[in-house]
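Sequence positions, counted from 1, serve as the residue numbers for this chain. Because only heavy atoms are used, hydrogens play no part in the values below, and waters and symmetry mates are left out as well, while side chains stay in.
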Amino acid sequence: MSTIVSRTLLRRAVAAGLAALGLLSAGASCPAAAAPRATTAARPPRATTAARGAAPPRRAAAPADAPIALALPIERATLQNGLRVVMSPDRSSPTVAVAVTYDVGSRDEPSGRSGVARLVMGMMARGSRNVPAGEHQRLVAERGGELAAEAGIDRTTYTATLPANELALALWLEADRMKALDLSEQAFEAQRREAQERRGALLGAAYGQGPIRLQALVFQGYWPHEHPALGDADDLAGAELSWARDFHAAHYGPNRAVLSIAGGFDPGEAMELVRRYFDGIPAVAAASFKDVPFPEQTSQRTGVVRDSAARAPAILYGWAVPPRSHPDHDALAVVAALLGRGESSRLEALLVGDKAVARSVRVATGDHRGPDLFSIDVRLVEGARVGDVEKLIEGEIRSLATAGPPPAELARARRLLQSAFVAGLADPAARARALGERELLSGDAAHLNGELARYFAVTREDVQRVAREHLGPTRRTIVETYPPATPGASPPPRAPRRAPARAGATAAPGKGAEKAAPGKGAEKARGAAARPASKKKPAKPAKPAKPAKPRKK
């Protein structure tokens, strides 16, 4: 694809995102929806039509070498019970999204009770004492809306998207399950069975075990991130209702949450509804998260997974990197874009395009408040050699650490980050989640408007430095996934990685270790191990040497 075509597509993508945000064109109005039917003891409120106004004026396009100057309207307030409210109105939008982001995740789970955060999340998603299981979803679906719930390491978010005139219903439902969750034995057991089934389905799917294994190795010795959010099998089997009740009482209250609203609504009307439904919910006496020391990694860690559902090998790389709030995190996000965002990124072009040894490449950061995860996920084609692909991956990381990216490549990575960022804010639900997360993680949702400027401030020297300091060979973890072994075969051997030549010397990422990667020799060893001894042919006896013929004169 030519450079001119690439730039044209990027401009179109950014323009489409801005148009969806209401910064380039006005949206259509939405017809009023019917009021919710009263089906339970506590009646949900009737809908009110949101006020609409003219679209904001068009803005001039930003220069190609500068980020788009985002100016999302953001209003913030705090109720007396501690609930933080963030509003971003866009009256051209026919829909409105409400997100409630709680300051709780799997990192808050006590040892021996893994999975309880997702158990409570599932119970919250089912309904409340006033809205029976399934009724919450029905009320939203009947009006053409959508629901979502997500539990991560350091936050849990519930999102509802509805027509703009159904804001009252969305706020009432969120307030109701915040203060009146159904914590009965029946609701708990139903969710526990569902969590066990979900865990089995995830680990039984192709390549489902690799990320769990990678996380455990990267954060080895650091319980908040080391254990899986989906829960340990034994912990889920022995889970008790008291665990869920204790966890909910400690973490689910207005003073532990951010309520964010985005889309078509009037801020004044919205705040009246927020105060009506949330003011009476009491705050909870919850202790803040107590962090523990993070053990520094000083040598490479490796793992091998045999996956019965996989048809080809896969490689996972992982590094523990600074948290999202750290200044180096923006440069690491640019490194991730250079390596694996788009067809022209380094690993995508090399492994999928040029060498044709991989089906897909994904490079990402986890964006956590605590120690973060920088990961590379490469799914290989059948017949590709794991050791050879690892050499290619490590060579590209080493190149970024030593030479850095050329100016044109760095500019392309910035534009791709910008395009994805703006397109991700076009949807009101995604915008509401982003606002809630920024308010929770950084203390001010308005930081969202300045995020692009931080990416564009990353220099070539920044890329070199973070690749050298954070993605080195002694700090990395590699998990290799292989299809089912041949009957009687032993697990694929791994050749030991060489340490830097001198103690205390700083080696470039991949240097030294690359030479010891399992290449042709390891592949041959795997092939020899896979052949049963009984099928090996006996050596043929050597033939007697023929007498030399006399030379003719």
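For CD of Q196, the number of neighbouring non-hydrogen atoms (other residues, nucleotides, ligands) closer than 6.0 Å is greater than 12. In this structure, Q186 places its CD atom where only 12 or fewer heavy-atom neighbours from other residues, nucleotides or ligands lie under 6.0 Å away. Shown here is R465, whose CZ atom has more than 12 heavy atoms of other residues, nucleotides or ligands within 6.0 Å. Heavy-atom contacts from other residues, nucleotides or ligands closer than 6.0 Å to CD of Q80 number 12 or fewer. No more than 12 heavy atoms of other residues, nucleotides or ligands lie within 6.0 Å of CD in E146, so this atom counts as exposed by the packing criterion.
The backbone N or O of G105 lies less than 3.5 Å from no partner atom in the side chain of D154, so there is not a single donor-acceptor pair. N81 places no side-chain N or O within donor-acceptor distance of the main-chain N or O of G280, the cut-off being under 3.5 Å.
Among the candidates H326, H329, H225, the single residue satisfying the ring-ring contact (aromatic ring centres under 6.0 Å, His included) test with H368 is H225.
Residues V458 and L410 come closest through the heavy atom pair O-CD2, 3.9 Å.
Considering only heavy atoms from C-beta on, L400 comes within 4.5 Å of L339 through its side chain. The side-chain heavy atoms of M121 and Y102, taken from C-beta on, include no pair separated by under 4.5 Å.
Side chain to side chain, H227 and S114 fail the donor-acceptor criterion of an N or O pair below 3.5 Å. Side chain to side chain, D444 and S442 fail the donor-acceptor criterion of an N or O pair below 3.5 Å. With 3.5 Å as the limit, one finds a donor-acceptor pair spanning the side chains of D176 and S128. Under 3.5 Å, the side chains of H251 and R256 contain a donor-acceptor pair of N or O atoms. Under 3.5 Å, the side chains of Y277 and E174 contain no donor-acceptor pair of N or O atoms.
Classified by interplanar angle (parallel below 30°, tilted 30° to 60°, perpendicular above 60°), the ring pair W319/F374 is perpendicular. Ring planes of F219 and Y222: tilted class, angle from 30 to 60°.
We find that R369 and D291 are not joined by a salt bridge, their nearest charged nitrogen and carboxylate oxygen being 4.0 Å or further apart.
For the atom pair M271 CE and R275 CZ, the distance stands at 3.5 Å (nearest 0.5 Å).
Annotation: cation-pi pair R113/F247 absent, no NZ/CZ under 6.0 Å from the ring centroid and within 45° of its normal.
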